[in-house]
Colleague: 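One structure coming up, written as structure tokens, with questions to follow.
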Amino acid sequence: LKNKIDLKLKENSYRIYIQNGLLANAGNVLKLISASKKILVLSVPFVFKHHGHLFCSNLRKSGAKVYPMLIPDGEIWKNEVTLFSILKKMSNLGFQRDCCLVSLGGGVVGDIGGLAASIYMRGINFIQCPTTLLAQVDASVGGKTAIDFNGIKNLIGTFYQPKTVLIDPLVLKTMDERKIRTGLAEIIKYGIIYDKKLFESIEKNIDLILSMKIDFLLRLIKRSCEIKAEIVSGDEKEKGKRAWLNYGHTLGHALESYYGYDLLTHGEAIAYGMVYAALLSVRLKLCGKSVAQRQIELLKRCGLLRKLPKFDSGAIYRKMLLDKKAKSGKIQFVLTRKIGLVTIRKNVPPSIIFSVLTQFQAEIRKLT
Ligand SMILES: NC(=O)c1ccc[n+]([C@@H]2O[C@H](COP(=O)([O-])OP(=O)(O)OC[C@H]3O[C@@H](n4cnc5c(N)ncnc54)[C@H](O)[C@@H]3O)[C@@H](O)[C@H]2O)c1
Ligand SMILES: [Zn+2]
């Protein structure tokens, strides 16, 4: 396997493998990594129907007993009821410490599976097989696990690294365009925070992406995982530069919560968030207008800035204050210096935050 990335951590370093057709050969790879005799394959019906059967029969060839478990699809099921149903299932199957949980699905399956694996018997083997573009470039890498609780997203969770991540870009063929775009927003984010060349290669090749040229997608996935791995390995528990990954997410999360999770996909929400961060950066003289314009232009060309109904700035501001990253009444913003370089600001005056929110709404109205 030639496309692999090592995520180096103080403890529990692991390898991410990226290859077309990887899931159909997973048995061989897993044999190398874990000697688990029992494997729970956690998935959702749609993904399992298209990608699960071949995967499981291949895993069985490695000699392990494989138990599929399907949970209902959707963010609303990333909750304590589903979590406990997974723990119960493993208990009923007599799972021991040497057993393994594999998450085969999008970020929801990855997050809840990781949490279950991290607390069952204080931690069993865990493997990520992400099947959405968003999960392949973001959610499966870095070891954050979570469920939503009491109406608050990702309120309960752990840091728990998988033994490995297996990424098969071929599974993306069953994804619709809107879901692909949402993953693309995170890839653009990596370009802005860390890698000008990546940003430029998206600018030049949008057609290849939206027409699903798998080999090009594979390169983007690989570069994204490398960037996330580099950032996370320097800062596993988010004390410093891991916060860069939050570019566009301060306003993005507030918009998701304000409009509910149906109107905007996560990628669309953070695309707007990146527009806001870019405008705020210009206002604070951290970068020139053209740096913001270039970001807006690319996000628009990727179809990520479609329609945003008018919002109430006060309500959005209060939601930003509730963000997990905000501390003692100060909102933390990740802001652009230039394409490929960001910086963090915690002391932006509320008057500027509000005035750029107004400017942002006017700008978005012009675009859509
Ligand atoms: N842990 C982290 O670091 C991290 C980072 C980013 C996001 N997340 C979490 O990830 C979740 C969002 O991830 P997501 O967008 O993958 O959501 P998701 O898991 O809900 O998947 C979205 C939809 O895509 C479908 N799907 C999955 N694979 C498919 C395929 N190959 N073909 C067709 N359809 C497919 C699913 O059935 C689902 O309906 C959120 O809960 C978010 O909090 C976690
Ligand atoms: Zn995100």
Side-chain angles (χ1 to χ4, degrees), residues 23 42-52 55 70-79 82 103-115 118 126 128-149 152-162 165 167-190 193 212 214 217 224-225 228-229 231-232 236 238 242 244-253 255-257 261-262 264-274 304 324-325 334:
L23 288 189
L42 189 70
S43 194
V44 291
F46 181 86
V47 174
F48 196 80
K49 180 171 156 235
H50 288 276
H51 309 290
F55 178 64
L70 302 187
I71 57 174
D73 202 337
E75 182 75 28
I76 55 160
W77 297 104
K78 201 174 108 175
N79 64 17
T82 310
S103 282
L104 174 73
V108 167
V109 174
D111 276 12
I112 199 168
L115 179 55
S118 74
F126 175 52
Q128 288 270 23
C129 299
T131 62
T132 61
L133 184 59
L134 179 80
Q136 294 187 339
V137 300
D138 187 2
S140 68
V141 179
K144 284 190 185 175
T145 81
I147 55 169
D148 307 332
F149 187 68
I152 302 173
K153 204 169 146 65
N154 296 334
L155 186 66
I156 295 179
T158 53
F159 283 103
Y160 193 66
Q161 301 295 343
V165 183
I167 300 178
D168 184 348
L170 283 184
V171 300
L172 299 177
K173 293 215 157 158
T174 50
M175 285 193 58
D176 62 44
E177 207 181 285
R178 193 167 180 216
K179 289 207 193 92
I180 290 289
R181 288 177 204 275
T182 204
L184 186 54
E186 300 282 1
I187 304 176
I188 294 171
K189 176 195 79 179
Y190 289 123
I193 66 171
M212 297 288 293
I214 292 289
L217 284 174
S224 300
C225 288
K228 186 154 182 192
I231 292 177
V232 169
E236 190 178 355
E238 194 158 338
R242 191 164 179 166
W244 295 349
L245 295 167
N246 241 33
Y247 186 66
H249 284 60
T250 314
L251 180 70
H253 284 152
L255 293 174
E256 281 181 305
S257 144
Y261 293 86
D262 291 334
L264 299 174
T265 66
H266 177 67
E268 288 159 0
I270 67 155
Y272 287 117
M274 291 191 272
L304 282 157
K324 278 202 287 298
K325 275 94 191 170
V334 186

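Counting convention: from 1, in listed order, for ligands and their atoms alike. On a predicted model such as this, the values are computed, not experimentally measured, just so you know. Along the sequence shown, residues are numbered consecutively beginning with 1.
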Colleague: Taking the non-hydrogen atoms of Gln128, is any one of them nearer than 4.0 angstrom to ligand 1?
Modeller: no
Colleague: Would you check, one step at a time, whether the test side chain to side chain contact (heavy atoms under 4.5 Å, CB included) holds for Ile112 with Leu42?
Modeller: CA-CA 9 Å; Ile112 199 168; Leu42 189 70; 4.1 Å; yes
Colleague: At what distance, to the nearest 0.5 angstrom, does NZ of Lys153 lie from NZ of Lys78?
Modeller: 4.5 Å
Colleague: Does any non-hydrogen side-chain atom of Asp168 lie less than 4.5 Å from one of Cys129?
Modeller: no
Colleague: Measure Val47 to ligand 1 on non-hydrogen atoms and call it side chain, backbone, both or neither using the 4.0 Å cut-off.
Modeller: side chain
Colleague: Is there a side-chain contact between Ser224 and Asp138 in this structure, where contact means two heavy atoms from C-beta onward sitting under 4.5 Å apart?
Modeller: no
Colleague: Please confirm whether His266 approaches ligand 1 to less than 4.0 Å, judged on its heavy atoms.
Modeller: no
Colleague: Given Thr265 and Arg181, is the side chain to side chain contact (heavy atoms under 4.5 Å, CB included) satisfied, shown in steps?
Modeller: CA-CA 9 Å; Thr265 66; Arg181 288 177 204 275; over 6 Å; no
Colleague: Could you pull out all residues at least two apart from Phe48 that satisfy ring pair (Phe, Tyr, Trp, His ring centres under 6.0 Å)?
Modeller: His53
Colleague: Mark up the atoms of ligand 1 that fall under 4.0 Å of a heavy atom belonging to Val44, in ascending order.
Modeller: 37 (O)
Colleague: Is there a side chain to side chain contact (heavy atoms under 4.5 Å, CB included) between Asp111 and Leu115 once you walk through the steps?
Modeller: CA-CA 6 Å; Asp111 276 12; Leu115 179 55; over 6 Å; no
Colleague: Heavy-atom contacts with Lys228 under 4.0 Å: which atoms of ligand 1 show up? List them by number with element.
Modeller: 3 (O)
Colleague: Answer yes or no: is there a side-chain heavy-atom contact under 4.5 Å between His249 and His266?
Modeller: yes
Colleague: Within a distance under 4.0 Å of any heavy atom of Lys144, pick out the atoms of ligand 1 and give their elements.
Modeller: 1 (N), 3 (O)
Colleague: Taking side chain as C-beta onward, heavy atoms only, is Ser118 less than 4.5 Å from Phe126?
Modeller: no
Colleague: Identify the closest protein heavy atom to atom 18 (P) of ligand 1: which residue and atom is it, and at what distance?
Modeller: Val108 CG2, 3.8 Å
Colleague: Please could you name the atoms of ligand 1 that Asp138 approaches to less than 4.0 Å, counting only its heavy atoms?
Modeller: 5 (C), 6 (C)
Colleague: Any side-chain heavy atom of Asp73 sitting closer than 4.5 Å to one from Val108?
Modeller: no
Colleague: Give yes if a backbone or side-chain nitrogen or oxygen of Asp73 is under 3.5 Å from a nitrogen or oxygen of ligand 1, and no if not.
Modeller: yes
Colleague: Does ligand 1 have an atom that lies less than 4.0 angstrom from a heavy atom of His50?
Modeller: no
Colleague: Name the closest protein heavy atom to atom 8 (N) of ligand 1, giving the residue it belongs to and the distance to 0.1 Å.
Modeller: Ala139 CB, 3.6 Å
Colleague: Could you tell me whether the side chain of Met175 reaches within less than 4.5 Å of the side chain of Thr132, counting heavy atoms only?
Modeller: yes
Colleague: Check whether any N or O atom of Val171, backbone or side chain, sits under 3.5 Å from an N or O atom of ligand 1, and answer yes or no.
Modeller: yes
Colleague: Taking heavy atoms and a distance under 4.0 Å, where does Thr131 meet ligand 1: side chain, backbone, both or neither?
Modeller: both
Colleague: Tell me, do Asn79 and Ile147 make a side-chain contact under 4.5 Å, heavy atoms counted?
Modeller: no
Colleague: Atom 21 (O) of ligand 1: which protein heavy atom is closest, and how many Å away?
Modeller: Thr132 CG2, 3.7 Å
Colleague: Could you tell me which atoms of ligand 1, counted from 1 in the order shown, lie closer than 4.0 angstrom to a heavy atom of Asn154?
Modeller: 43 (O)
Colleague: Please write down residue, atom name and distance for the protein heavy atom closest to atom 17 (O) of ligand 1.
Modeller: Gly107 N, 3.9 Å
Colleague: Short list, please: which atoms of ligand 1 are under 4.0 Å from a heavy atom of Lys78?
Modeller: 40 (C), 41 (O), 42 (C), 43 (O)
Colleague: Just need the protein heavy atom nearest to atom 23 (C) of ligand 1, so name the residue and atom and give the distance.
Modeller: Lys179 CE, 3.3 Å
Colleague: Flag Val109 as yes when one of its N or O atoms lies below 3.5 Å from any N or O atom of ligand 1, and as no otherwise.
Modeller: no
Colleague: Rounded to the nearest 0.5 Å, what separation is found between the CG atom of Leu172 and the OG1 atom of Thr174?
Modeller: 7.5 Å
Colleague: Is any side-chain heavy atom of Leu133 closer than 4.5 Å to one of Ile187?
Modeller: yes
Colleague: Looking at ligand 1, is there an atom of it that comes within less than 4.0 Å of some heavy atom belonging to Lys153?
Modeller: yes
Colleague: Show which atoms of ligand 1 fall inside a sub-4.0 Å distance from at least one heavy-atom site of Gly106.
Modeller: 16 (O), 19 (O)
Colleague: Using a cut-off of 2.8 Å, count how many protein N, O or S atoms are strictly closer to the Zn ion (ligand 2).
Modeller: 3
Colleague: As a quick check of understanding, evaluate side chain to side chain donor-acceptor pair (under 3.5 Å) for Lys144 and Asn154, giving each step before the final call.
Modeller: CA-CA 10 Å; Lys144 284 190 185 175; Asn154 296 334; over 6 Å; no
Colleague: Could you pull out, from Leu115, Thr174, Leu172, Asp111, the option with a heavy atom nearest to atom 33 (C) of ligand 1?
Modeller: Thr174
Colleague: Go through the side-chain N and O atoms of Thr158 and Thr145 and say whether any donor and acceptor fall under 3.5 Å apart.
Modeller: yes
Colleague: Write out the residue and atom name of the closest protein heavy atom to atom 15 (O) of ligand 1, then the distance separating them to 0.1 Å.
Modeller: Leu134 CD2, 3.3 Å
Colleague: Starting from atom 41 (O) of ligand 1, what is the nearest protein heavy atom, named by residue and atom, and what distance separates them?
Modeller: Glu75 OE1, 2.5 Å
Colleague: Has ligand 1 got any nitrogen or oxygen that is less than 3.5 angstrom from a nitrogen or oxygen of Phe46?
Modeller: no
Colleague: Could you tell me whether Arg178 and Glu268 have a side-chain N and a carboxylate O separated by less than 4.0 Å?
Modeller: yes
Colleague: Could you tell me whether the side chains of Thr131 and His50 share a donor-acceptor contact shorter than 3.5 Å?
Modeller: no
